[in-house]
Amino acid sequence: MDDTSIKTLRVLVIQHTEPHDAETIEWLAERGAVTTVDSVENALQLMQIQEFDLVVGGPADFYPLEHTLLSPQAAAMLESVTQGMGIVEQDGRLVWANPRMLSFSDEIKERVCRLCAETFSWATSESARKPSHLRGRRFSFTTAAQEYIEITATPVIDLNNRVTQVAAVVWDATKARRLQEQIDAIDNAGRELVRLDAEQISRLNAQERLDLLEQKIIRYTRELMHFNNFAVRVLDKKTNKLEIVLSAGLPTEAQETDIYASGEGNGICGFVAHSGRSYICPDVTKDPRYLRGLESARSSLTVPLRLNDRVVGTFNVEADKIAAFSEEDRQVAEVFGRYVAVALDMLRLLAVERSETTGQVAADVQAELAAPLNDIVAEATHVIEQAAAAGADPQRARTIIQRVDRVKRLLQAAAAVPGIRGLVPETTTIDPVLQDKRVLVAEDEDIIRETIAEVLSKVGALPVMAKDGRDAIAM
């Protein structure tokens, strides 16, 4: 340290009965402004009104200095914390409180003081005399205004291991409690979504089951989450397109907009499906990602539908107010969205299983009946031929052939796997050129004739088989 830097310093010297090194003090005085006091107390008083760059004292002087100087910072911290903090005497008197504690209602402060007095009695009882037993105690209570309050009361122990006071930390957990209650309600609703009533489901076809699920989702979103306008989209793995399977309150043109899972150019739903992250749009007029939905929409919330940590779709909600959705709404929607994803997947699996099972059974029946039905047509054809030769009316034989054709059409319809909006694609392979066309197959080899007829049936034709040329000419 050179002389120039020393002259800029303001020095405070705490001078006790045993003086500091005289040469050092003299050296400082020649090169700086030195102020001398005879006690730590006087030093503290002086430091409150003046600024010093250097304090010279004995080793024992600095602990009380540090402790005292830190108190303003500690006081500022206690005043700024969001929890209420206070000190309560044995008789339940609140002797100190930070501003947050003082802001609580009289009902809350009285309950806190009473609990702290009970804690003091507990701490001084025979069963709790050991210091290890004197940990903080947790309490909670609900006020008349339905506020949920939590408190930690901790005995204050002096150096002689005696309880002198009780320190209380109090926080208003109403918001967190209500959120938890809402999440619990959503959890119960979600369980209802995925609960399948076998007797009820068995009476419904695939589309009716989807409609039932849609009714449940609409009811829960409106009653529990107060969302009136929403759309559920499912991601098509093959096309990467988000297909709407359920919706409420959205205009037709918004539902017909093609959206793909992409980070750019496909709106908020496309971004959420691509990134897997929820998205709160507080003002749709200022968000370039927003695509037109509800005519009066001002804000929106979109969460991904997840199944085993895989994004399978999106749940999009819109409101006619700016900044209508909070972080709590996002959490609730994400929980509900997981149940929606499970319910949709269960419905899809059920639809596919039943459709494929029904289709396979119908295809087997169709194959088994192909030959007998063909024989009926052949016999009816002979009857028509004989009736024509005898000049009789062959109408009954023609009716039989028409009914056989109708049976074939019903079997074809049963063998096709029906689709469900956005969940199960149509698997029919009907050829519009051959659909409902009666095709004559003439072949004397049974296996070849039946194979050709089966192929024609799958594309929508109504094959008629002839065993030989004579049957073919007659037909």
Side-chain angles (χ1 to χ4, degrees), residues 48 67-125 127-159 161-188 224-226 280 282 321-333 335:
Q48 291 178 357
H67 182 75
T68 305
L69 291 174
L70 283 176
S71 61
Q73 288 83 354
M77 181 183 70
L78 293 175
E79 290 180 359
S80 63
V81 295
T82 57
Q83 289 84 15
M85 305 182 74
I87 301 295
V88 179
E89 294 284 1
Q90 179 180 2
D91 58 3
R93 287 184 299 111
L94 184 65
V95 295
W96 176 85
N98 70 343
R100 180 65 181 115
M101 175 70 86
L102 296 174
S103 70
F104 286 128
S105 66
D106 291 340
E107 179 188 1
I108 294 175
K109 286 183 286 190
E110 289 172 4
R111 294 282 294 274
V112 170
C113 290
R114 185 159 64 248
L115 292 171
C116 286
E118 293 176 6
T119 300
F120 193 100
S121 299
W122 165 81
T124 55
S125 65
S127 61
R129 284 190 181 279
K130 294 182 179 180
S132 60
H133 293 170
L134 301 181
R135 300 189 180 96
R137 303 176 73 193
R138 296 289 299 271
F139 303 95
S140 62
F141 59 86
T142 304
T143 68
Q146 297 302 309
E147 298 168 297
Y148 187 78
I149 306 300
E150 294 187 354
I151 170 177
T152 298
T154 306
V156 178
I157 312 299
D158 65 10
L159 296 176
N161 201 31
R162 292 178 301 186
V163 180
T164 58
Q165 295 170 318
V166 174
V169 178
V170 184
W171 59 96
D172 185 349
T174 305
K175 190 175 183 180
R177 179 63 175 266
R178 289 176 179 169
L179 175 61
Q180 185 58 53
E181 290 175 349
Q182 188 178 20
I183 289 177
D184 291 343
I186 293 298
D187 186 60
N188 292 331
L224 300 178
M225 296 183 288
H226 311 294
I280 296 178
K321 296 180 181 178
I322 292 179
F325 303 103
S326 64
E327 182 65 18
E328 288 76 17
D329 291 326
R330 180 192 63 78
Q331 295 179 43
V332 168
V335 172

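- Of the residues listed (I87, T154, V88), the one engaging C116 in a side-chain contact (heavy atoms from CB on, under 4.5 Å) is V88, and it is the only one.
- Residue F104 holds its CZ atom at 14.5 Å from CD of E110, rounded to the nearest 0.5 Å.
- With sequence neighbours excluded, no residue forms a ring pair (Phe, Tyr, Trp, His ring centres under 6.0 Å) with F120.
- Checked by atom type, the side-chain pair S326/E328 shows a donor-acceptor distance below 3.5 Å.
- Atom CD of E147 and atom CD1 of I108 lie 4.5 Å apart (nearest 0.5 Å).
- Smallest separation of non-hydrogen atoms from P155 and A123: CG-CB, 3.8 Å.
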Evaluate the side-chain contact (heavy atoms from CB on, under 4.5 Å) criterion for residues M101 and L94: first the C-alpha distance (whole Å), next the side-chain angles of each, then the deciding distance (0.1 Å), finally the verdict. CA-CA 10 Å; M101 175 70 86; L94 184 65; 4.3 Å; yes
Carefully, step by step, assess R111 and I149 under the rule side-chain contact (heavy atoms from CB on, under 4.5 Å). CA-CA 10 Å; R111 294 282 294 274; I149 306 300; over 6 Å; no
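- At least one side-chain heavy atom of R138 sits under 4.5 Å from a side-chain heavy atom of E150.
- By the 4.5 Å heavy-atom criterion applied to side chains, V163 and I157 are counted as neighbours.
- Between the side chain of T152 and the main chain of V169, no donor-acceptor pair closer than 3.5 Å is present.
- When only modelled atom types and interatomic distance are considered, R177 and T174 share no side-chain donor-acceptor pair under 3.5 Å.
- Looking at V95 and Q165, their side chains come closer than 4.5 Å, going by heavy atoms from C-beta outward.
- Atom OG of S103 sits about 9.5 Å away from atom CG of D172, to the nearest 0.5 Å.
- To the nearest 0.5 Å, atoms CZ (R114) and CZ (F139) are separated by 11.5 Å.
- With hydrogens and angles disregarded, a donor-acceptor distance shorter than 3.5 Å links the side chain of E107 to the backbone of A144.
- Of all heavy-atom pairs spanning A324 and D329, the tightest one is O-OD2, 3.7 Å.
- Contact record, T142 with Y148: OG1-CD1, 3.7 Å, taken as the closest heavy-atom pair.
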